[in-house]
Number of protein chains: 2
Amino acid sequence: MTVNDAEGPPLLPATAMAGRDEPVDRILATAYELFSRRGIRGVGVNELISSSGVSKATFYRHFPSKDALVLAFLELRDQVWTVDLIVAEASRRGNTPEERLLAVFDVFGDWFQREDFEACSFINVLLEMGAGHPLGKASIDYLSRIRGHIQALAEEAGLDRPEEFARSWHILMKGSIISATEGDALASKRAQQMARWLIEHHRGL
Amino acid sequence: MTVNDAEGPPLLPATAMAGRDEPVDRILATAYELFSRRGIRGVGVNELISSSGVSKATFYRHFPSKDALVLAFLELRDQVWTVDLIVAEASRRGNTPEERLLAVFDVFGDWFQREDFEACSFINVLLEMGAGHPLGKASIDYLSRIRGHIQALAEEAGLDRPEEFARSWHILMKGSIISATEGDALASKRAQQMARWLIEHHRGL
DNA sequence: TCCGAGGCAGACCGGTCTGTACGCCTCGGT
DNA sequence: ACCGAGGCGTACAGACCGGTCTGCCTCGGA
């Protein structure tokens, strides 16, 4: 019995930070919590250090700047959210590559209904900082990694043109996230239906 | 021969502000230009007043706060972008309701390729401020108006369940915008293909 | 026992933020 | 001829920003 095991997979799995209580871990854990919920510009360094119980000097000893911490946050988000929460969970729920692909939107459905649903940090940071900013570029890179997971599943499933398939699939993922942010709790179902049609049209007929 | 008639429909049509040179118009025109490109928090009041050649007292005489100006900007964006640039242009390009629906993604294709492509301000503001913020709620409202235009076209086309159709369609619109922001210039084509399948499945068979 | 690395607390810097206030000027109506 | 509305420029308040720096304390290894 650890923290946040009440509803679905935990956002911050104990395995990632288990037992560690070093300042750098507290900073990262706090950054994950605050950045994912309120964005980058919405969280200041002073709040970060006070919330993580760390002095300012310690903060800047581990991270040369706030942007450096944001980069570390994005990488942590890739591990915790993309890999552990979405990809791994979808793979667990499906038995075949196609089922695993479609299960992504089942996982989305559960995720959308969490009261602490915070949308996709990569999209948030990309739009907040702009595509030209280093943090925006990093976000684009992590978004492409998500597409890579989809493409790998598409290849396993033997679908046609897996790269283009993944790009179309990703449109459904991102669009449904925005719709969920607007309050459409059924956005995952709508996207999943369109995803089924996409699979049909990419099957080697 | 007016301004920005070089490539496609103008972002700020002369008709909207034609001839008017009042301070409030200059403020709004500047706000449109800056907010749509750099977001809300990325533009300060000092820059707004200096760029529009207006004193600070004049600014606060017309808009009681920066948020009030943002609300006015969102409404202007609804008129200039949603109505004049997207809906009207798509209707102009298509002869039937279904063609007009699909033409939305043709307009998107042209829009995505502009070097001053700035994504969707409603999505930007929603993610920047959060769904609970008044500006976020206003953005959700303007996004629902976009869905209303789609739903109206779906009803004209006699499609099944036009409201759900519009929600799915909107997922494709928003997802393709994010993909275009990432740099995928063909996102409009991918979304349009999925949109065709969506129409097929909503036709009264 | 000592000593240095690392952590905590907080003052401080220059800059930026939204918003207020004050002084001066230029109009247009009476 | 006058007078007030409205516009311009600017100084300023109060808060917050990212980032630097100093001082004190604790702990672990030689």
Side-chain angles (χ1 to χ4, degrees), chain A residues 17 19-74 121 124-125 128-130 132-139, chain B residues 17 19-74 124-125 127-130 132-136 138:
Chain A
M17 302 260 189
R20 300 180 56 93
D21 198 25
E22 310 275 303
V24 59
D25 304 313
R26 274 180 289 157
I27 295 172
L28 261 178
T30 305
Y32 188 96
E33 202 76 14
L34 298 181
F35 283 154
S36 60
R37 292 188 205 291
R38 309 218 309 267
I40 305 305
R41 285 195 262 214
V43 181
V45 173
N46 287 319
E47 183 179 2
L48 280 166
I49 63 169
S50 68
S51 292
S52 53
V54 156
S55 79
K56 213 168 214 185
T58 303
F59 176 93
Y60 280 101
R61 184 173 304 128
H62 291 288
F63 301 97
S65 68
K66 182 188 176 184
D67 280 10
L69 173 64
V70 177
L71 285 176
F73 154 69
L74 290 175
S121 293
N124 293 348
V125 175
E128 185 176 359
M129 311 305 291
H133 191 281
L135 297 179
K137 293 181 182 176
S139 298
Chain B
M17 302 258 188
R20 299 181 57 93
D21 198 25
E22 309 275 303
V24 60
D25 304 314
R26 274 179 289 158
I27 295 171
L28 261 178
T30 305
Y32 189 95
E33 202 75 13
L34 297 181
F35 283 154
S36 60
R37 294 188 203 290
R38 310 219 308 266
I40 305 305
R41 284 195 263 214
V43 181
V45 174
N46 287 322
E47 182 179 2
L48 281 166
I49 64 169
S50 68
S51 291
S52 54
V54 156
S55 81
K56 209 168 225 185
T58 302
F59 176 93
Y60 279 101
R61 184 174 303 127
H62 290 288
F63 301 98
S65 67
K66 183 188 176 182
D67 281 10
L69 173 63
V70 177
L71 285 176
F73 154 68
L74 290 175
N124 293 348
V125 174
L127 295 184
E128 185 176 359
M129 311 305 290
H133 191 282
L135 296 179

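Side-chain atoms are counted along with the backbone in the values below, which use heavy atoms only and exclude waters and symmetry mates. So that the names make sense, note that chain A is the first sequence line, chain B the second, and so on, each numbered from 1.
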When the distance from [atom1] of [X] to [atom2] of [N] is rounded to whole Å, what number comes out?
| X | N | atom1 | atom2 | result |
| --- | --- | --- | --- | --- |
| B:I27 | D:dG6 | CD1 | P | 14 Å |
| B:F59 | D:dG9 | CZ | P | 16 Å |
| B:N46 | D:dC8 | CG | C1' | 15 Å |
| A:I49 | D:dC21 | CD1 | C1' | 13 Å |
| B:K66 | C:dT16 | NZ | C1' | 11 Å |
| B:F63 | D:dG7 | CZ | P | 12 Å |
| B:Y60 | C:dC22 | OH | P | 17 Å |
| A:E22 | D:dC27 | CD | P | 15 Å |

*Would you mind telling me which residue lines up with the more 5' stretch of DNA chain C, B:G44 or A:H62, judged by nearest nucleotide?*
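Taking each residue's closest nucleotide, the earlier one in sequence belongs to A:H62.
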_What's B:R41 touching, base or sugar-phosphate or nothing? Going by heavy atoms closer than 4.0 Å._
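Contact class for B:R41: none.
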*Which nucleotide sits closest to the side chain of B:T58: C:dG7, D:dC8, D:dG6?*
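Among the listed nucleotides, the one closest to the side chain of B:T58 is D:dC8.
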*asked:* I want to check one thing: is the phosphate of D:dG7, taken as OP1 and OP2, less than 4.0 Å away from some side-chain N or O of B:R61?
replied: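 Indeed, a polar side-chain atom of B:R61 lies that close.
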*Side-chain N,O (A:R26) to OP1/OP2 (C:dC8) below 4.0 Å*: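 So the side chain of A:R26 is within the cut-off, an N or O lying under 4.0 Å from OP1 or OP2 of C:dC8.
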Least distance between heavy atoms, [X] atom then [Y] atom:
| X | Y | result |
| --- | --- | --- |
| B:Y32 | B:S36 | O-OG, 2.5 Å |
| A:R38 | A:G42 | NH2-O, 3.4 Å |
| B:I40 | B:K66 | O-NZ, 2.9 Å |
| A:L48 | A:T30 | O-CG2, 4.0 Å |

*Go through the steps for A:L28 and A:L69 under the test side chain to side chain contact (heavy atoms under 4.5 Å, CB included), then give the verdict.*
CA-CA 8 Å; A:L28 261 178; A:L69 173 64; 4.2 Å; yes
*Does any N or O donor sit under 3.5 Å from an N or O acceptor when you compare the side chain of A:K56 with the base of C:dG10?*
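There is none.
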